[in-house]
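For reference, the structure is listed below as structure tokens.
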Amino acid sequence: MAWQRKTPFGYMVRGGETVPCPTEADAVQNIFTRYLAGASFGRIAEEMSRGNIPYHQHTSQWNKHMVKRILENGKYLGTGVYPRLISDEEFLAAQIQREDKTDYTPCPAELNPIREKAVCAVCGSRIVRDTKSHGRPRWVCANPDCGAIVRASDEEVQKRVSQRLRQLANTPDLLTLPPAPEAAPSADALRIQNELNVCFNRSDINFDYMKTLIFAAAAEQYTVLPDLTPVHDMETLRERLETGPANDSDIQELLAKAVKAVRIGGQDYIELELNNGTMIGKEQTT
């Protein structure tokens, strides 16, 4: 058809060279991120359609086949004339997960929060669950230079992670966050402030223009303020755990808000890396 793309989605030709198209390249990265987080082809297609980023100039509507073609396109690894858009780890993880979803038993929904944060305890790369070993679950490191494989049942992984989370719930003093970075003024904020200083020193002050600059300076300062919501959420959760035993909802919230990564090195070697760098359950349990 005349409206089919000649340049793969994510790229454009400029000055005779193939370069990343900023909007489309961001969309490619988002598609891989959403898929690895558990979203289906159809769900991602719906999100892309709502985002009004056309796959073809002919239409802004996406379908699951378009998403599938992007996830299996090796050009995003930086082959030939095409600049890299996706890391080797992300691409390999997507292929493993795609085969898992297509050919084997799907992952239990209750395991998804763990999968989203699972990393290899050997090298720290993403680790992906599949059932390619005679239908039995295993965890495969997405780093081709590592390739660690951990064979552990879903029930055992969930049990170990739950034990670590209960251990964390019983020591709520560990629930801290690193200090928020100090807000640094942006280049635009400095430029606006310099313009204000010039206006203050002028004899013919334009008050309307100064008012515009003052509002613009305030807006720029606001954009660089650190988000203190995670700190507040952590303090609230810690206070709740200090006053009583944790329930199932608290355990789920700990995994979602306090845990940066679930390090899997075996069914008996699962540790949690908190957002503040603290490790929970580092010792191997036998």
Side-chain angles (χ1 to χ4, degrees), residues 5 7-14 17-45 47-48 51 53 55 62 64-104 107 111-132 137-150 157 255-256 259-265 270-275 277 279:
R5 298 182 64 106
T7 303
F9 185 85
Y11 301 103
M12 62 183 180
V13 177
R14 175 179 293 170
E17 294 185 2
T18 302
V19 298
C21 173
T23 302
E24 293 184 359
D26 287 345
V28 169
Q29 179 64 65
N30 183 56
I31 286 171
F32 274 84
T33 299
R34 293 287 294 117
Y35 183 70
L36 292 175
S40 66
F41 292 166
R43 173 63 63 83
I44 295 173
E47 294 173 354
M48 293 300 296
I53 303 175
Y55 183 86
W62 285 63
K64 62 183 181 180
H65 302 293
M66 296 173 181
V67 174
K68 179 178 180 293
R69 282 197 290 272
I70 285 177
L71 289 169
E72 61 189 18
N73 191 344
K75 292 183 174 65
Y76 297 135
L77 293 173
T79 60
V81 299
Y82 300 100
R84 178 184 288 273
L85 300 183
I86 296 296
S87 70
D88 292 340
E89 291 81 5
E90 289 174 305
F91 188 81
L92 177 59
Q95 307 322 301
I96 293 174
Q97 186 162 314
R98 187 165 59 84
E99 292 178 5
D100 181 21
K101 288 187 175 181
T102 302
D103 302 324
Y104 299 98
C107 177
L111 198 65
N112 283 332
I114 297 174
R115 289 180 69 189
E116 292 175 4
K117 299 191 176 188
V119 301
C120 175
V122 177
C123 71
S125 299
R126 181 174 176 82
I127 193 167
V128 182
R129 173 197 177 274
D130 71 27
T131 53
K132 297 174 69 173
R138 65 177 187 173
W139 295 79
V140 181
C141 178
N143 178 2
D145 294 328
C146 175
I149 297 178
V150 176
V157 170
L255 179 59
V259 176
K260 177 182 178 182
V262 177
R263 296 187 171 273
I264 297 180
I270 292 177
E271 56 183 333
L272 307 181
E273 179 183 354
L274 304 189
N275 291 322
M279 306 301 291

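These figures come from a predicted structure and were not determined experimentally.
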Taking the side chain as C-beta and beyond, is there a heavy-atom pair between [X] and [Y] under 4.5 Å?
X      : Y      : answer
Ile86  : Gln29  : yes
Met12  : Val19  : yes
Ile44  : Asn30  : no
Val81  : Glu17  : no
Leu272 : Val262 : yes
Leu85  : Phe32  : no

Do you know the tightest heavy-atom contact between [X] and [Y]?
X      : Y      : value
Asn143 : Cys123 : ND2-SG, 3.7 Å
Val128 : Ala93  : CG2-CB, 3.5 Å
Gly124 : Val119 : O-CB, 3.8 Å
Cys120 : Ala148 : SG-CB, 4.0 Å
Glu24  : Gly10  : OE1-N, 2.8 Å
Ile127 : Cys141 : CG1-N, 3.7 Å

Separation between [atom1] of [X] and [atom2] of [Y], rounded to the nearest 0.5 Å:
X      : Y      : atom1 : atom2 : result
Trp139 : Arg115 : CH2   : CZ    : 6.5 Å
Glu273 : Met279 : CD    : CE    : 5.0 Å
Asn73  : Tyr82  : CG    : OH    : 8.5 Å

What verdict does the side chain to side chain contact (heavy atoms under 4.5 Å, CB included) test give for Asp88 and Leu77, after you've listed the backbone C-alpha separation in whole Å, the side-chain angles of each residue and the deciding distance to 0.1 Å? CA-CA 7 Å; Asp88 292 340; Leu77 293 173; 3.5 Å; yes
Donor-acceptor pair, distance only, cut-off 3.5 Å: does the side chain of [X] make one with the backbone of [Y]?
X      : Y      : result
Trp62  : Ile53  : yes
Gln95  : Leu71  : yes
Lys117 : Val259 : yes

For the residue pair Tyr55 and Phe9, categorise the inter-ring angle as parallel (less than 30°), tilted (30 to 60°) or perpendicular (more than 60°).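 Because their plane-to-plane angle is under 30°, the rings of Tyr55 and Phe9 count as parallel.
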Can you classify the ring geometry of Tyr11 versus Tyr76 as parallel (below 30°), tilted (30 to 60°) or perpendicular (above 60°)?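 Parallel, since the angle between the ring planes stays under 30°.
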Checking Arg138 against Val150 for the side chain to side chain contact (heavy atoms under 4.5 Å, CB included) test, could you report, in this order, the C-alpha distance in whole Å, the side-chain angles of both residues, the deciding distance, and whether it holds? CA-CA 6 Å; Arg138 65 177 187 173; Val150 176; over 6 Å; no
Determine, stepwise, if the pair Met48 / Ile31 fulfils side chain to side chain contact (heavy atoms under 4.5 Å, CB included). CA-CA 9 Å; Met48 293 300 296; Ile31 286 171; 4.0 Å; yes
Tell me whether Lys75 at atom NZ has more than 12 heavy atoms from other residues, nucleotides or ligands lying less than 6.0 Å away. no
Considering residues, nucleotides and ligands other than Arg43, do more than 12 of their heavy atoms fall under 6.0 Å from its CZ? no
Presence of salt bridge, Arg126 and Glu90, under 4.0 angstrom: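 A salt bridge is absent here (no side-chain N lies under 4.0 Å from a carboxylate O).
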Intermediate values then yes/no, side chain to side chain contact (heavy atoms under 4.5 Å, CB included), Val157 and Ile114: CA-CA 9 Å; Val157 170; Ile114 297 174; 4.3 Å; yes
Residues that Glu116 engages under salt bridge (Lys or Arg N to Asp or Glu O under 4.0 Å), provided they are two or more places apart: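 Result, salt bridge (Lys or Arg N to Asp or Glu O under 4.0 Å) vs Glu116: none returned.
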